[in-house]
Amino acid sequence: MSAPNILAACASKNLLCNLITFSGAAKASSVVTVLSNFQNVAELHAEGYEIQSDYTIPDVWDGAVTFQVNANYVKDLKSIGGTGLVTRMNGVTGNAGSLAGIAGVPKYKIDGLVSYVRPSWMVAAHMRYIPKSILDPTKIGPEDKGYSVNLPTSISTNRVSSRFYLDLSASAQLPSLFGSAKTELYGGLTNVFDKDQPPELRLFGNPLQYDTVGRAYRVGVRAVW
């Protein structure tokens with residue numbers, strides 16, 4: 001941590017004053033030295049819950065139907081810097097205008113999978129939901145308490161729209177190919193409803209949470225020798 005940051009933390013928040021040597025009374029006399037070495041003063045606090053469930057119905061038309069649900073709820077996720085600056089990251093899915101500036105996770109996320117499997121083929125549907133979240137925790141929008149258009153931190157909207165995605169996939173066993181032990185034809189359709197990223201996101205979007213491509217197809221053949 002730099003000396004100016006240590007001095008600012010001590011002066012404004014009474015933090016890290018032990019790293020400063022004063023000529024007399026603390027904060028009431030001139031600074032003699034500032035110990036600016038590596039300090040383990042930052043903190044990351046994470047708290048939440050995760051739920052996972054699956055249920056299989058066997059013998060459904062010579063196959064099996066499986067339901068899987070994964071969900072997580074982030075009660076608290078924040079970083080506390082050495083100067084006492086608290087950065088909230090739970091319920092935040094916006095970005096700072098670059099891919100390197102993405103920090104945060106939705107308040108909760110729900111992920112589900114339904115599959116039907118038979119000995120020679122299978123089909124599956126994968127669903128995920130991301131709720132409405134905060135765009136920028138350092139700004140105040142009309143949706144937030146204390147909003148005023150005259151504030152320097154005001155913004156026209158401080159929310160990122162929710163998104164629901166549906167992906168489909170299927171595979172089927174094929175006869176042996178060039179002596180292969182197993183041959184499989186597979187295909188998939190991602191983002192079935194061709195959902196764009198939320199329009200509130202800045203130029204680079206948030207590929208960690210949202211689909212950036214749109215509807216996409218894939219098909220191929222796997223073989224094991």
Which pairs pass salt bridge (charged side-chain N to carboxylate O under 4.0 Å, His left out) with one or both residues in [range], sequence neighbours excluded?
| range | value |
| --- | --- |
| residues 180-200 | Glu184-Arg222 |
| residues 170-181 | none |
| residues 59-79 | Glu47-Lys75, Asp62-Arg118, Asp76-Lys78 |

Which heavy atom of [X] sits nearest to which heavy atom of [Y], and what is that distance?
| X | Y | answer |
| --- | --- | --- |
| Val105 | Val74 | CG2-CG2, 3.9 Å |
| Pro131 | Ser162 | C-CB, 3.7 Å |
| Gly104 | Gln209 | O-NE2, 4.1 Å |
| Leu168 | Ala125 | CD2-CB, 3.7 Å |
| Ile6 | Ser36 | CD1-CA, 4.1 Å |
| Leu185 | Gly220 | CD1-O, 3.4 Å |

I need the [X] [atom1] to [Y] [atom2] distance, nearest 0.5 Å.
| X | Y | atom1 | atom2 | result |
| --- | --- | --- | --- | --- |
| Gln68 | Ser115 | CD | OG | 6.5 Å |
| Cys10 | Leu16 | SG | CG | 8.0 Å |
| Ile110 | Asn72 | CD1 | CG | 9.5 Å |
| Leu166 | Thr190 | CG | OG1 | 10.0 Å |
| Leu35 | Thr21 | CG | OG1 | 8.0 Å |

* Linking Ile, Leu, Val, Met, Phe, Trp and Tyr through side-chain heavy atoms less than 4.5 Å apart, which residues share a cluster with Tyr165? ->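 Under the 4.5 Å side-chain rule, Tyr165 groups with Ile130, Leu135, Ile155, Val160, Leu201, Tyr210.
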* Give me the other members of the hydrophobic cluster that Leu151 sits in, counting Ile, Leu, Val, Met, Phe, Trp and Tyr linked by side-chain heavy atoms under 4.5 Å, directly or via other members. =>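 Reading the cluster by chain and number, Leu151 sits alongside Ile140, Tyr147, Val149.
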* To do: Decide whether Lys109 and Asn70 meet the rule of one side-chain donor and one side-chain acceptor closer than 3.5 Å.
  =>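 There is no such pair (donor and acceptor under 3.5 Å, judged by atom type) between the side chains of Lys109 and Asn70.
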* **Side-chain H-bond candidate by donor/acceptor type, Glu143 with Thr157, under 3.5 Å** =>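 Indeed, the side chains of Glu143 and Thr157 share at least one donor-acceptor pair under 3.5 Å.
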Just wondering, do [Y] and [X] contact through their side chains at under 4.5 Å, heavy atoms?
| X | Y | answer |
| --- | --- | --- |
| Leu44 | Leu77 | yes |
| Thr66 | Val117 | no |
| Asp211 | Gln197 | no |
| Tyr55 | Ile57 | yes |

Taking the side chain from [X] and the backbone from [Y], do they hold a donor-acceptor pair closer than 3.5 Å?
| X | Y | answer |
| --- | --- | --- |
| Asn158 | Ile134 | no |
| Ser169 | Gly188 | no |
| Arg215 | Val192 | yes |
| Ser154 | Asn150 | no |

* To do: Give the C-alpha distance, both sets of side-chain angles, the deciding distance and a yes or no for side chain to side chain contact (heavy atoms under 4.5 Å, CB included) between Ser79 and Met89.
  => CA-CA 8 Å; Ser79 65; Met89 292 183 286; 4.0 Å; yes
* Asked: Within a radius of less than 6.0 Å around CH2 of Trp61, do more than 12 heavy atoms belonging to other residues, nucleotides or ligands occur?
  ->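 No - once you tally the heavy atoms of other residues, nucleotides and ligands closer than 6.0 Å, there are 12 at most.
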* To do: Please list all pairs passing the side chain to side chain donor-acceptor pair (under 3.5 Å) test where one or both residues lie in residues 120-135, with sequence neighbours left out.
  =>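 Non-adjacent pairs meeting side chain to side chain donor-acceptor pair (under 3.5 Å): Asp111-His126, His126-Asp167.
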* Run the side chain to side chain contact (heavy atoms under 4.5 Å, CB included) check on Phe22 and Val31 step by step: do they pass? -> CA-CA 5 Å; Phe22 296 92; Val31 174; 3.8 Å; yes
* Run the numbers on Val60 and Tyr116 for side chain to side chain contact (heavy atoms under 4.5 Å, CB included), then give the verdict. => CA-CA 9 Å; Val60 179; Tyr116 177 65; 4.2 Å; yes
* Residues Asp54, Val69; criterion side chain to side chain contact (heavy atoms under 4.5 Å, CB included); working and verdict -> CA-CA 6 Å; Asp54 63 83; Val69 177; over 6 Å; no
May I ask whether [X] and [Y] are part of the same hydrophobic cluster, defined by side-chain heavy atoms of I, L, V, M, F, W, Y residues being less than 4.5 angstrom apart, directly or through others?
| X | Y | answer |
| --- | --- | --- |
| Tyr186 | Val114 | no |
| Leu113 | Tyr108 | no |
| Val219 | Val123 | no |

